[in-house]
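Reading through the structure tokens given below for one structure.
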Amino acid sequence: GNSVTQMEGPVTLSEEAFLTINCTYTATGYPSLFWYVQYPGEGLQLLLKATKADDKGSNKGFEATYRKETTSFHLEKGSVQVSDSAVYFCALFLMNTGFQKLVFGTGTRLLVSP
Amino acid sequence: NAGVTQTPKFRILKIGQSMTLQCAQDMNHNYMYWYRQDPGMGLKLIYYSVGAGITDKGEVPNGYNVSRSTTEDFPLRLELAAPSQTSVYFCASSYPRGGANEQFFGPGTRLTVL
């Protein structure tokens, strides 16, 4: 079946530390991969995406590379800020006939302290 | 554009009561979705719609009903509320331009069933 596995949180970092949040997937076919971010009290927002193997998605200093050989899409940021504190969801995008579907991981909470 | 709006933001129900969660989007998106988010469980798809008059079940449809009479609105109905339906509910929409399209999420409705 199709599924996404993320590292458990919370991930606790000091400001300016390096961030990695691991994400691996299983899927039939060739899915696109997304990272969504959920700030406290808000809905999910798209952070970045990659649509094929070896693509790198990037936004707001975050990056993730679609690795087909390891079925991974790890999220990284070189220097986190307090404002990056949020829950991060990895998701794979499936296109079936007549329907588009996102399959989400369980989310990883990031806490950044000053 | 307001994007995706949801009402109410919070609600407490007694077991056996019914209610409708409202969702509207002003982006002329064909596709709309209802998810529930349980702690530590990620998002699960309840129902989706590919256009006015067309709806279908997602992963966890039991206890819910939907309708889609217009492109803009996609209400979710709970007929006999149960404690297991305590969750945060998110509505989302997307436009199928082809390829991996972003889903836009509303701010959520936090429902407690006592």
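The chains referred to below are lettered A, B, ... by the order of the sequence lines, with proteins before strands, and numbering in each begins at 1.
By the rule that hydrophobic residues join a cluster once side-chain heavy atoms approach within less than 4.5 Å of another member, A/V103 and A/Y88 end up as members of one cluster. A/Y30 and A/F73 fall into different hydrophobic clusters, where Ile, Leu, Val, Met, Phe, Trp and Tyr side chains are chained together by heavy-atom contacts under 4.5 Å. Under the 4.5 Å side-chain contact rule for hydrophobic residues, B/F104 and B/Y47 do not share a cluster. Linking ILVMFWY residues whenever their side-chain heavy atoms come closer than 4.5 Å, directly or via other members, places B/L13 and B/I46 in the same cluster. Hydrophobic clustering (side-chain heavy atoms under 4.5 Å, transitive across Ile, Leu, Val, Met, Phe, Trp, Tyr) keeps A/L111 apart from A/I21.
One distance of note links CD of A/E42 with CZ of B/F105; it measures 13.5 Å at 0.5 Å rounding.
Taking 4.5 Å as the limit, every side-chain heavy atom of B/L43 sits out of range of all side-chain heavy atoms of A/L102. When side chains are defined from C-beta on, B/E102 does not count as touching A/F93, because their heavy atoms never get closer than 4.5 Å.
Each of A/F89, A/F104, A/Y36 was scored for a ring-ring contact (aromatic ring centres under 6.0 Å, His included) with B/Y35, with one residue passing: A/F104.
In terms of heavy-atom pairs under 4.5 Å with chain B, the best-connected choice from A/V4, A/V87, A/L44 is A/L44.
For a residue to count as touching a neighbouring chain, one of its non-hydrogen atoms must lie under 4.5 Å from one of that chain's; by this rule A/E8 does not touch chain B. Interface remark: B/Q37 contributes side-chain atoms only to the contact with chain A (heavy atom separation under 4.5 Å).
The 12-atom threshold is exceeded at CD of A/Q45, counting heavy atoms of other residues, nucleotides or ligands nearer than 6.0 Å.
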